[in-house]
Amino acid sequence: HLSQSIIKKSNLYIDKLINSIDYDMERFNQHYYSKLDLPLLNKEAQYIPYNEIKTLSFDNDYFIKPSKDLKSFNGGILNNGETLLNYIYRNGYMKAIEEETIILAPIKKIYSEYRFFMYKNEIISGSRYMLNNKVDVNKDIPTFMMEAARDYGKLYQPLDLYVMDLASTDNGVEIVEYNCWNASGFYESNINKIINTINEIKKN
């Protein structure tokens, strides 16, 4: 009887754990949603398998990052004449890099970046996390960015709960990427509101 009780409790815990994770490997992959005609920051990007690009170098600087949201290395600037292997050597990587598709994109002028925790097309909370290419966290979000988040939230929803990062650029507001909320930093977002809202959603 004791062992059966432990098994039941373990299964209940596993079910709750699974229900608390909102993730889809395909729908959070930028290579997937780049085909959906969204106003993406890296709309002109090339998507190249790691093994095909790792020893290449280019005449111009490019922005690079993994296409998957569970990144094996941090995105940044690939200097002209530099290979991806050298970039990774100086920046480090975390896991499974051989399986990555690499985003290679022209460098954009970015003024500020904001993170939004979303439920469908509704904003739960958000904050700024970058200003002039430096980490600069602020809970105050300008009206134009809030309006863009509401509008862009209607265009694509990886899941009901997700994170959407937006950038203010010289081309207007553009979508940086989508992320799983479970693995995203809160910055100056209202953590209590996010957790309470998600708990209420999960109850229904």
Side-chain angles (χ1 to χ4, degrees), residues 13-30 32-33 38-42 63 65-76 91-96 100 103 108 110-169 172-204:
Y13 173 78
I14 291 169
D15 288 342
K16 286 183 176 180
L17 180 62
I18 292 171
N19 187 49
S20 70
I21 298 172
D22 298 272
Y23 186 66
D24 183 289
M25 187 172 293
E26 180 180 56
R27 293 178 65 83
F28 281 105
N29 189 320
Q30 193 162 331
Y32 171 82
Y33 57 78
L38 298 168
L40 296 176
L41 174 66
N42 295 313
F63 176 76
K65 70 174 181 178
S67 179
K68 294 178 182 176
D69 71 310
L70 301 176
K71 301 176 182 68
S72 58
F73 64 89
N74 292 324
N91 288 282
Y93 71 96
M94 288 159 269
K95 58 184 182 307
E100 291 285 6
I103 295 174
K108 298 286 191 72
I110 300 174
Y111 303 115
S112 55
E113 297 181 50
Y114 296 81
R115 170 158 294 173
F116 293 93
F117 287 80
M118 306 289 293
Y119 173 59
K120 297 183 178 178
N121 65 326
E122 300 174 8
I123 300 168
I124 303 174
S125 186
S127 77
R128 188 181 73 204
Y129 62 92
M130 294 284 285
L131 181 65
N132 297 323
N133 296 315
K134 295 181 180 179
V135 176
D136 192 322
V137 179
N138 195 308
K139 65 180 179 181
D140 296 324
I141 303 174
T143 301
F144 78 91
M145 188 61 69
M146 294 289 289
E147 292 174 350
R150 292 189 187 98
D151 290 341
Y152 291 172
K154 300 172 185 176
L155 301 179
Y156 176 66
Q157 300 155 18
L159 293 174
D160 285 350
L161 289 163
Y162 60 98
V163 164
M164 178 173 61
D165 291 346
L166 301 183
S168 174
T169 77
V173 178
E174 297 178 305
I175 299 169
V176 178
E177 62 185 5
Y178 298 89
N179 290 297
C180 170
W181 77 266
N182 303 82
S184 297
F186 290 102
Y187 298 111
E188 284 294 313
S189 299
N190 188 327
I191 298 175
N192 288 335
K193 184 179 180 183
I194 293 169
I195 298 303
N196 290 337
T197 301
I198 291 173
N199 284 337
E200 286 300 313
I201 292 167
K202 296 290 186 180
K203 288 178 182 177
N204 299 328

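Along the sequence shown, the residues carry numbers beginning at 1.
- Ser168 OG to Tyr111 OH: the interatomic distance, rounded to the nearest 0.5 Å, is 7.5 Å.
- Proximity of a side-chain donor or acceptor of Tyr152 to a complementary backbone N or O of Val173 within less than 3.5 Å is detected.
- Screening Ile110, Asp165, Leu40 for a side chain to side chain contact (heavy atoms under 4.5 Å, CB included) with Val176, the sole residue that qualifies is Asp165.
- A donor and an acceptor atom, one from each side chain of Glu100 and Ser72, are located under 3.5 Å apart.
- Atom-to-atom distance recorded for Tyr33:OH and Glu26:CD is 12.5 Å, nearest 0.5 angstrom.
- Note: Ile194 CD1 to Met118 CE = 12.0 Å, rounded to the nearest 0.5 Å.
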*side chain to side chain contact (heavy atoms under 4.5 Å, CB included) between Phe116 and Val163, intermediate numbers included*: CA-CA 6 Å; Phe116 293 93; Val163 164; over 6 Å; no
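- Closest non-hydrogen pair, Met164 versus Ile175, comes out as CG-CG2, 4.5 Å.
- With Gln157 contributing its side chain and Gly153 its backbone, the two residues share a donor-acceptor pair below 3.5 Å.
- Interatomic distance, Asn42 CG to Lys65 NZ, rounded to the nearest 0.5 Å: 5.5 Å.
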*Mind running side chain to side chain contact (heavy atoms under 4.5 Å, CB included) on Ile201 and Leu161 for me, showing each step along the way?*
CA-CA 9 Å; Ile201 292 167; Leu161 289 163; 3.8 Å; yes
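- Using a 4.0 Å cut-off between charged side-chain N and carboxylate O, Lys202 and Asp22 make a salt bridge.
- In plain terms, the two heavy atoms of Phe28 and Cys180 that are nearest each other are CE2-N, 3.5 Å.
- Cation-pi check for Arg115 over Tyr129 is met; the charged atom lies under 6.0 angstrom from the ring centroid and within 45 degrees of its normal.
- Side chain of Asn199 to backbone of Ile195: a donor-acceptor contact under 3.5 angstrom is found.
- Leu155 and Pro39 make their closest contact through CD1-CD, 3.7 Å (heavy atoms, listed as atom of the first residue, atom of the second, distance).
- Of all heavy-atom pairs spanning Leu131 and Ser112, the tightest one is CD1-CB, 4.0 Å.
- Judged purely by distance below 3.5 Å, without hydrogens or angles, the side chains of Ser184 and Asn179 never pair a donor atom with an acceptor atom.
- Between Tyr178 and Tyr162, the ring planes are tilted. Angles from 30° to 60° get that label.
- Rounding to the nearest 0.5 angstrom, the gap separating the CG atom in Asn121 from the CG atom in Asp151 is 9.5 Å.
- Salt bridge Arg128/Asp140: absent, no basic N to carboxylate O contact under 4.0 Å.
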*Might you work through the side chain to side chain contact (heavy atoms under 4.5 Å, CB included) test for Glu174 and Leu166, ending with a clear yes or no?*
CA-CA 6 Å; Glu174 297 178 305; Leu166 301 183; over 6 Å; no
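- Using a 4.0 Å cut-off between a side-chain N of Lys or Arg and a carboxylate O of Asp or Glu, Lys71 and Glu177 qualify as a salt bridge.
- In this structure, Arg27 and Tyr156 have side chains that are in contact, with non-hydrogen atoms separated by less than 4.5 Å.
- With salt bridges taken as basic N to acidic carboxylate O contacts below 4.0 Å, none links Glu147 and Arg150.
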_Residue pair Tyr119, Ile198: steps toward the side chain to side chain contact (heavy atoms under 4.5 Å, CB included) verdict_ = CA-CA 8 Å; Tyr119 173 59; Ile198 291 173; over 6 Å; no
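- Here the CG-OH distance, from Asp69 to Tyr32, works out to 14.0 Å after rounding to the nearest 0.5 Å.
- Ser127 places a side-chain N or O within donor-acceptor distance of the main-chain N or O of Glu188, the cut-off being under 3.5 Å.
- Lys193 contributes no side-chain N or O that, together with a main-chain N or O of Ser125, makes up a donor-acceptor pair within less than 3.5 Å.
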